[in-house]
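Below is one structure, written out as structure tokens; the observations come after it.
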Amino acid sequence: MADLRSEFAGIKSPNPFWLASAPPTDKEYNVRRAYEAGWGGVVWKTLGEAGPPVVNVSGPRYGAIWGADRRLLGLNNIELITDRPLEVNLREIKQVKRDYPDRALVVSLMVPCEEEPWKNILKAVEETEADGVELNFGCPHGMAERGMGSAVGQVPEYIEMVTRWVKQHSRMPCIVKLTPNITNILYPAEAAKRGGADAVSLINTINSITSVNLDTFTPEPTIDGLGAHGGYCGPAVKPIALNMVAEIARSANTAGLPISGIGGITTWRDAAEFMALGAGNVQVCTAAMTYGFKVVQEMISGLSQWMDEHGIASVDEVVGRAVPKVKDWKDLNLNYVTKAVIDEDLCIKCGRCYAACEDTSHQAIEMGEDRTFRVKDEECVACNLCVNVCPVESCITMKELPLGAVDPRTGRKVEPYANWTTHPNNTAAVQG
Amino acid sequence: MPNDQSTPGIVAGRLSADQIARNFGDLHPPLDDHEARVAADRCYFCHDAPCMTACPTSIDIPLFIRQIATGTAESAARTIFEQNILGGMCARVCPTETLCEEACVRNDAECQPVQIGRLQRYATDKLMAKDKHPFTRATATGKRVAVVGAGPAGLACAHRLAMKGHDVTIFDGRTKGGGLNEFGIAAYKAPGNFAQAELDWLLGIGGISVEYGKRLGDGLSLDHLQKGHDAVFLGIGLAGVNALAVNGSHDGLAAAVDWIAALRQSGGKTDVAVGRDVVVIGGGMTAIDAAVQARLLGAETVTIAYRRDKAAMAASEFEQDLATSKGVRILYNVAPKSLGKDGITLARTATRGGKLVETGETLTLPADQILRAIGQTLEGAPGVLKIDGGKIAVDASGRTSVTGVWAGGDCATGGEDLTVTAVAEGRDAAEDIHISLTGGV
């Protein structure tokens with residue numbers, strides 16, 4: 001059986017599945033249930049300064065988009081950081097950590113961009129004996145309007161400054177949580193590293209309006225006839241998050257910086273993909289909010305089975321395994337040629353590949369009298385759209401042409417690897 | 001003492017009124033909003049969809065299902081009604097398992113088609129509940145068309161003609177319209193007096209008047225109709241019933257269509273008499289409908305006796321399964337031989353050298369009611385019309401051998417004898433009548 005034990009930025013947990021700082025981790029009751037269900041760690045919902053607690057709306061806090069059968073694909077929230085008194089949260093954190101010493105317990109923090117408030121709250125958190133802190137530079141709604149959350153995460157200089165304060169005033173591991181609402185994730189990640197961060201976590205939620213009510217002309221979720229953008233998360237954001245994780249993992253300036261992967265992780269497979277792209281562990285929220293804490297059991301069993309099947313003994317062997325395969329477009333092999341192949345035995349004759357190719361692509365599929373569909377190799381550019389729209393898995397596949405074979409579309413032989421940097425059409429190419 | 005299932009003879013009230021009401025409830029209950037959304041999600045929106053090709057009225061099924069999926073059931077209903085104004089009834093009575101749903105690619109994917117029939121009902125029910133007719137008439141043309149028969153073919157024809165601006169008079173021999181929708185199909189397929197509600201809704205287009213109690217040869221002649229109208233459409237169905245040519249007699253022998261018609265006209269069905277031991281002769285939909293409804297009324301034993309094998313049966317496998325699930329026994333390869341006082345003797349048959357022959361073996365079933373459902377025949381067709389294979393000969397546009405006279409539905413050649421086919425034929429004849437009356441304008 002694979003060893004799922006994880007050590008992330010010096011913090012140990014029995015498995016790499018943590019609950020992200022969010023509504024599921026707002027109080028002792030939930031966190032105890034999470035640990036009992038099997039979660040390896042928890043990032044406690046973001047604490048703010050001492051004093052009057054944050055106030056939340058009492059109308060809807062969430063909006064959603066759904067796929068078939070109302071499967072939740074994307075969730076948006078306008079909930080702020082914890083609205084419970086700081087001392088209550090601290091007391092509960094201490095109690096829970098004492099009762100679950102083997103589980104990771106990290107405390108998320110968000111206070112104004114001044115040294116004193118950070119110094120004060122770090123001291124208070126240290127007394128709970130929590131395992132570390134996560135700096136919430138990511139929440140894009142509400143708190144950002146007050147100069148916190150993503151308002152900090154969008155300014156690399158602030159990230160560096162606050163991270164430095166945290167490392168100065170605390171011995172605890174410091175994870176910097178990044179916002180995806182930026183143009184290039186590397187700048188905030190580099191800033192966190194410069195400030196001395198032990199790790200980064202990403203992505204936080206994405207600015208979003210999930211829908212508009214067409215009867216009232218109000219954005220959802222609607223609070224008394226008005227709406228504000230919220231933070232988008234859930235399965236729909238996973239591809240965005242995967243790319244940002246990979247960018248940090250493969251950049252020379254940030255390579256080796258531990259990454260806690262977040263963004264739409266719903267199954268063990270999602271988690272494994274994040275880890276393969278460089279995440280040392282993962283954080284989950286929407287899947288738990290959709291299905292309850294029990295989902296972690298599938299994540300644990302699935303990751304174990306997959307690791308066993310692939311002879312992978314520990315999670316560290318997974319981390320970063322796909323990173324060397326992530327490149328720039330210019331590095332891709334322009335001499336690589338594939339052709340779509342339709343398996344007539346698997347085909348159910350829906351014709352979606354035909355409609356997609358005929359209407360929107362390269363007219364490379366022909367439809368026979370009896371609704372048999374065949375790829376015209378002389379037209380197929382291997383765009384993969386037919387594969388993507390086919391409702392039957394593995395019915396349409398891409399077949400690679402071997403070296404030396406003639407591509408019926410171009411009439412040219414398949415040559416060895418060559419990319420754009422040396423392509424004759426590239427006026428900036430380095431000619432050999 | 002009240003009657004029960006074991007009471008001998010042909011009597012009413014074998015089951016309680018409550019039980020009968022439950023038995024005659026919807027065979028397929030309507031989908032609610034959530035069920036419809038889930039069902040609609042399964043449609044792949046196929047290119048040149050096979051279901052659409054399989055529909056005799058060529059309803060754009062992928063489009064209407066997508067319209068349901070996106071929360072616009074009323075638009076979905078318009079898509080349906082534009083092709084098939086009796087889409088509400090067809091959603092209930094079509095043998096979808098041999099039409100659209102049989103063609104659904106989901107059968108290949110997971111042996112379970114999209115529930116096209118039920119989705120069609122969901123959409124059409126929504127729009128019909130609006131109580132506002134969805135179509136408006138074109139500018140009046142001043143042309144007058146006579147439609148004989150207020151069944152599916154006649155109604156579809158009349159509606160399309162009225163929509164085009166023509167004035168239509170429908171003549172029907174009964175006291176009520178709807179044809180087989182009202183008098184023929186099984187009660188549990190269209191409960192709640194749906195056939196009449198649909199008829200009233202259809203007439204909401206305007207420009208159609210209906211005269212009941214008038215049939216060809218009985219106060220109505222083709223010659224007279226032609227003189228008073230610019231065109232005539234005949235949708236007179238098959239009013240005759242084949243006789244059972246066997247020796248002997250039986251007091252409980254009746255035509256299944258008559259028994260079903262009486263049953264359909266009964267409100268609570270508690271007054272409909274049924275035998276304790278019922279034998280239904282035949283292998284089509286009428287036989288199934290009679291047998292199932294006999295069981296639902298409380299007949300103790302109901303047997304369908306069909307002279308050929310299972311594969312040859314006109315009723316679909318789905319219908320055969322429905323019958324057996326209701327406790328009907330189906331005997332294949334048995335042909336009526338003779339009738340006696342208390343039962344019927346059947347000869348076992350076999351197909352040898354392509355011919356159906358009696359094997360020499362017989363069996364006798366006790367029966368206090370025998371319903372014959374061995375086919376209907378054309379009756380009352382004007383003698384001037386060319387008849388082909390027992391039906392009024394028509395071309396692809398529904399034109400008969402007499403200029404100015406069209407025909408469609410069960411009485412005419414072409415297509416299966418189904419409601420949906422009749423609708424298509426009535427509609428297409430109307431389009432052709434319109435072209436001939438207006439020169440295609």
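All heavy atoms count here, side chains included; hydrogens, waters and symmetry mates do not. No experiment lies behind these values; they were computed from the predicted model shown. Throughout, a chain's letter reflects where its sequence line sits, starting with A, and its residues are numbered from 1.
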Query raised in the report: Hey, is the main chain of B:Asp48 close enough, under 3.5 Å, to the side chain of A:Arg371 for a donor-acceptor pair?
Result: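 Yes.
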Report, as yes or no, whether the 6.0 Å neighbourhood of atom [atom1] on [X] holds more than 12 heavy atoms from other residues, nucleotides or ligands.
X        : atom1 : value
B:Lys310 : NZ    : yes
B:Lys326 : NZ    : no
A:Glu378 : CD    : yes
A:Glu366 : CD    : yes

Report task. Could you tell me the separation between the CZ atom of B:Arg37 and the CH2 atom of A:Trp66, rounded to the nearest 0.5 Å? Result ->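 If I round to the nearest 0.5 Å, the distance is 8.5 Å.
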Requested in this report: Output the residues of residues 348-364 of chain A for which the shortest heavy-atom distance to chain B is under 4.5 Å, in residue-number order; output 'none' if no such residue exists.
Outcome: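 If one takes a 4.5 Å heavy-atom cut-off, the residues of residues 348-364 of chain A near chain B are A:Ile348, A:Lys349, A:Cys350, A:Gly351, A:Arg352, A:Tyr354, A:Ala355.
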Requested in this report: Please name all residues satisfying ring-ring contact (aromatic ring centres under 6.0 Å, His included) with B:Phe81, sequence neighbours left out, ordered by chain then number.
Outcome: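 B:Trp201.
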Report task. Using the salt bridge (Lys or Arg N to Asp or Glu O under 4.0 Å) rule, collect all pairs that involve residues 108-125 of chain B, keeping only residues at least two apart or in two chains. Result ->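 Output for this query lists B:Asp26-B:Arg121, B:Arg42-B:Glu110, B:Arg92-B:Asp125, B:Arg106-B:Glu110, B:Arg121-B:Asp125.
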Query - Pairs flagged by side chain to side chain donor-acceptor pair (under 3.5 Å) wherever residues 379-391 of chain A is involved - sequence neighbours left out - result: none
**Report entry** Options B:Ala109, B:Pro62, B:Pro50, ranked by heavy-atom pairs under 4.5 Å with chain A, top entry
**Finding:** B:Pro50
